[in-house]
Amino acid sequence: MILMKIFNRTNISWIVLFILTYFVLEGLTWAGIIDPFYEITVVNIFINIILAVGLNLIVGFSGQLALGHAGFMAIGAYATGILLVKMPSGAGLIVSMLVGMLVAGILALIIGIPTLRLKGDYFAIATLGASEIIRIAILNLPDLTNGAVGISGIPLMVDWRFAYFIAALTILVVSNYIRSSPGRATIAVREDEIAAESLSIQTTYYKNLAFLIGAVTAVLAGSIHASYFGVINPGQFTFNKSIDILIIVVFGGIGSVTGSVVAAVVLGIINVYLQQFGALRMIIYALVLIFIMIFRPSGLMGNVEFSLSKLFKRPQDVPGSIENMEQEKGA
């Protein structure tokens with residue numbers, strides 16, 4: 001029964017896509033097309049996928065606007081930066097990730113339990129404030145975080161393959177959560193909180209659960225960032241970073257895991273080609289976003305999710321198709 005739940009159509013679709021994508025990336029690396037410069041872009045795309053999928057769970061599926069995702073990313077980055085310098089090994093990397101996840105989880109509960117009981121924009125303000133508190137704390141703990149200078153010389157324990165694995169794992173975890181009983185309860189809370197409460201759904205619990213999972217995924221992205229680039233500082237985790245992640249979520253489609261993945265890839269590629277325009281890059285980037293959102297206000301994917309079964313489904317299997325209606329009429 002458990003195996004049937006794990007190896008369902010959606011999971012198999014994602015796993016097949018992950019395997020095919022991995023071999024494509026390996027081939028491009030072997031052919032020299034993905035050189036060290038483009039590898040940085042690829043890793044950044046994977047980091048953004050992890051961040052966007054986790055934030056989409058909070059914003060798109062639980063219906064709570066969060067503006068402090070960069071703060072949780074900073075926790076993961078600094079946990080890895082501090083511990084990996086002292087334990088430069090694969091075990092040190094795993095331990096640093098676990099420590100960061102624990103700290104972020106506790107902080108997420110401290111923020112979420114009181115604020116998610118309230119309705120309105122209180123949660124967005126609370127997450128924004130928490131993110132700034134984290135950044136200010138990093139600045140004012142020079143003995144631990146080296147203050148504004150940041151931490152350099154972090155052992156480079158991560159490559160694009162590790163980042164790809166974590167991104168794939170994040171997608172699988174979030175997509176399975178959405179289809180689970182807690183996930184359906186979370187979506188019910190998003191659709192109508194009063195109706196969900198009338199059905200004895202503990203709305204605060206499920207909103208906190210989604211927020212907790214989103215915070216933990218941000219920690220993983222921060223750990224990968226620290227161990228791949230080897231240098232971190234508080235300026236990398238400002239409010240602007242949280243907005244960048246939110247842009248990816250909205251651009252791909254609020255409430256679509258597939259949309260977050262597609263948007264992270266598209267925006268990552270656009271950024272590469274816009275680098276040649278220098279200072280005009282951000283203006284062109286903003287115009288591209290504006291035009292796309294005008295002609296596609298629901299995002300690139302809307303609320304559509306990837307599934308191989310939909311690609312190979314016969315017309316007569318689709319409810320409402322002409323063939324199916326003719327068969328029903330004949331019957």
Can you list, pair by pair, the side-chain donor-acceptor contacts under 3.5 Å of residues 43-55, counting residues two or more places apart and other chains?
residue: N44; atom: ND2; partner: I40; partner atom: O; Å: 3.3
residue: N48; atom: ND2; partner: N44; partner atom: O; Å: 3.3

- prompt: For L109, which fellow cluster members are found when Ile, Leu, Val, Met, Phe, Trp and Tyr are connected by side-chain heavy-atom distances below 4.5 angstrom, either directly or through intermediates?
  reply: I113

What about [X] and [Y], same hydrophobic cluster or not, with Ile/Leu/Val/Met/Phe/Trp/Tyr joined at side-chain heavy-atom distances under 4.5 Å?
{"X": "V149", "Y": "L84", "value": "no"}
{"X": "W30", "Y": "L28", "value": "no"}
{"X": "I187", "Y": "L65", "value": "yes"}

- prompt: Are H225 and I154 close enough, and set up right, to give a side chain to side chain contact (heavy atoms under 4.5 Å, CB included), and what steps lead you there?
  reply: CA-CA 11 Å; H225 176 90; I154 301 171; over 6 Å; no

Any chance you could measure [X], atom [atom1], to [Y], atom [atom2], to the nearest 0.5 Å?
{"X": "T115", "Y": "I125", "atom1": "OG1", "atom2": "CD1", "value": "10.5 Å"}
{"X": "N208", "Y": "F211", "atom1": "CG", "atom2": "CZ", "value": "8.0 Å"}
{"X": "N233", "Y": "L139", "atom1": "CG", "atom2": "CG", "value": "9.5 Å"}
{"X": "I133", "Y": "I136", "atom1": "CD1", "atom2": "CD1", "value": "9.5 Å"}
{"X": "L267", "Y": "F251", "atom1": "CG", "atom2": "CZ", "value": "4.5 Å"}
{"X": "T186", "Y": "F61", "atom1": "OG1", "atom2": "CZ", "value": "10.5 Å"}

Verify the neighbour count for atom [atom1] of [X]: are there more than 12 heavy atoms of other residues, nucleotides or ligands below 6.0 Å?
{"X": "F229", "atom1": "CZ", "answer": "yes"}
{"X": "I294", "atom1": "CD1", "answer": "yes"}
{"X": "R117", "atom1": "CZ", "answer": "no"}

- request: Verify the distance criterion only: is there a donor paired with an acceptor across the side chains of E26 and Y22 at less than 3.5 Å?
  value: yes

- prompt: Is there a side-chain contact between T80 and L93 (heavy atoms, below 4.5 Å)?
  reply: yes

message: Closer than 3.5 angstrom, by distance alone: can the side chain of R184 be matched with the main-chain N or O of R179 as a donor-acceptor pair?
response: yes

message: Once you measure the plane-to-plane angle for W14 and F18, does it fall in the parallel (<30°), tilted (30-60°) or perpendicular (>60°) bin?
response: parallel

